[in-house]
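Just follow the structure's listing: the first ligand is 1, and inside any ligand the first atom is 1. Note that the structure is predicted; figures quoted are calculated from it, not measured.
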Amino acid sequence: MQSPVQNTVVVLGTGGTISGSAASPDDNLGYVAGTVGVDALVASANGPAGVAVESEQIAQLDSKDMDFATWRRLAERVAHHAARPEVAGIVITHGTDTLEETAWFLARVVAAAKPVVLTGAMRPATSREADGPGNLADAIAVASQAGRAGVVVVFAGQVHSAHDVRKVHPSRLDAFASGDAGPLGRLEGGRLASARPWPREAALGLGVLPAEGAAWPWVEIVSSAAGVDGRAVAALVDAGVDGLVVAATGNGSVHRDLAAALARAARRRPVAILRATRCLDGAVAEKGEPEAFASAGDLVPVKARVELVLRLLQARAPAAKAD
Ligand code: SIN
């Protein structure tokens, strides 16, 4: 039997500035995120010829309010559409504020053999100079590429990996960067002009997610900084926290008072602890001697938090299989 032509891209809408609206087309700041439907976003984007575009509204959120229930639904719908033979790839429109967390979550949960492309915008859909339509058209072009697989972010003419991407500016149009690694590729005139191979993360599969309505692990970030003490850690442990990410200084170093509080916490009851660096670029390099707390490598603290949530879920469901 002939395999069907993969010429469909599915756009899943979750909200964000890309779907935001303001009272005036000149207002790029005083808008409400997550108000314009994904159908309208698709209609405004001039995607590549020969690609059929479908859309589905998953949520309509300002991404600062992203939640686990939406992540779960998004992962399920990505897996569902990725399994359809006629689908070339999936695009997700998302607010920029937590886009990197969702990208890492999907990369570590969904084992899609097709492109999964997140995009957003820095100006609302109603802006005279909206950047959303261009970003969405580029994302659709990248998602329709045969032979690519994995979760990437397309923004301001660049392609970033889920692992390296981070929001680096609160208002510039090119608000995303990939640190030392640099972007995976660039788009010129709606076409992928250069591209490195896309990394594939080891995906845990949807089976790792808790049953609907069940609690997800509670993981918080604590910062090591001048003058910190252990009170925040003690309060969190008393309140039942499951995991802590330490946003550590430099090469993963932790203030002695915070380190003492973390050690006390770990002696009282099992609390998973990961050290990530506060530095903008680079990884926590192992010094060749055992460290009290495991390193998150080069994951930024917010992605290390997602990682720790997933590792705790994996520990709860050891038999989970990749989908
Ligand atoms: C959001 O993250 O939903 C609002 C900000 C943005 O999309 O740029």
Side-chain angles (χ1 to χ4, degrees), residues 11-45 55-75 77-78 90-107 116-140 142-143 151-160 162 164-178 183 187 221 280 300-303 305-306 309:
V11 182
L12 304 177
T14 69
T17 294
I18 191 168
S19 59
S21 53
S24 153
D26 296 314
D27 192 348
N28 288 331
L29 291 175
Y31 59 86
V32 180
T35 54
V36 179
V38 67
D39 292 356
L41 302 188
V42 168
S44 72
S55 56
E56 181 178 336
Q57 195 79 51
I58 301 292
Q60 204 45 305
L61 288 170
D62 186 319
S63 81
K64 72 180 173 55
D65 300 324
M66 185 50 70
D67 53 62
F68 292 148
T70 305
W71 269 3
R72 179 202 182 79
R73 177 154 171 71
L74 187 58
R77 297 311 288 163
V78 168
I90 317 271
V91 169
I92 299 163
T93 56
H94 198 289
T96 61
D97 286 346
T98 59
L99 187 145
E100 69 207 66
E101 292 168 58
T102 299
W104 186 245
F105 168 75
L106 290 174
V116 177
V117 183
L118 288 96
T119 195
M122 296 302 288
R123 291 178 180 155
T126 49
S127 168
R128 211 183 289 289
E129 299 162 319
D131 54 331
N135 283 344
L136 181 52
D138 282 351
I140 292 169
V142 171
V151 180
V152 296
V153 172
V154 167
F155 213 94
Q158 293 188 320
V159 186
H160 301 277
D164 294 312
V165 72
R166 65 200 70 162
K167 188 172 182 182
V168 293
H169 201 280
S171 56
R172 234 167 46 196
L173 293 190
D174 58 338
F176 287 84
S178 285
L187 283 117
I221 300 173
L280 295 185
V300 293
V302 291
K303 283 189 203 172
R305 176 175 170 270
V306 176
V309 167

(request) For the residue pair W71 and F105, categorise the inter-ring angle as parallel (less than 30°), tilted (30 to 60°) or perpendicular (more than 60°). (result) parallel
(message) List the residues meeting side chain to side chain contact (heavy atoms under 4.5 Å, CB included) with D65, not counting sequence neighbours, and say none if there are none.
(response) L61, D62
(message) I'd like the residue list for ligand 1, meaning every protein residue with a non-hydrogen atom under 4.0 Å from the ligand.
(response) G16, T17, D62, S63, G95, T96, D97, A121
(request) Could you pull out all residues at least two apart from L173 that satisfy side chain to side chain contact (heavy atoms under 4.5 Å, CB included)? (result) M122, R123, D131
(request) List in chain and number order the residues that pass side-chain hydrogen bond (donor to acceptor under 3.5 Å, both in side chains) with T126, two or more places apart in sequence or in another chain; answer none if no residue qualifies. (result) none
(message) Could you check whether any side-chain N or O of T98 sits under 3.5 Å from a backbone N or O of S63, counting only pairs where one atom can act as donor and the other as acceptor?
(response) yes
(message) Please determine whether a side-chain nitrogen of the Lys or Arg among R77 and E56 lies less than 4.0 Å from a carboxylate oxygen of the Asp or Glu.
(response) yes
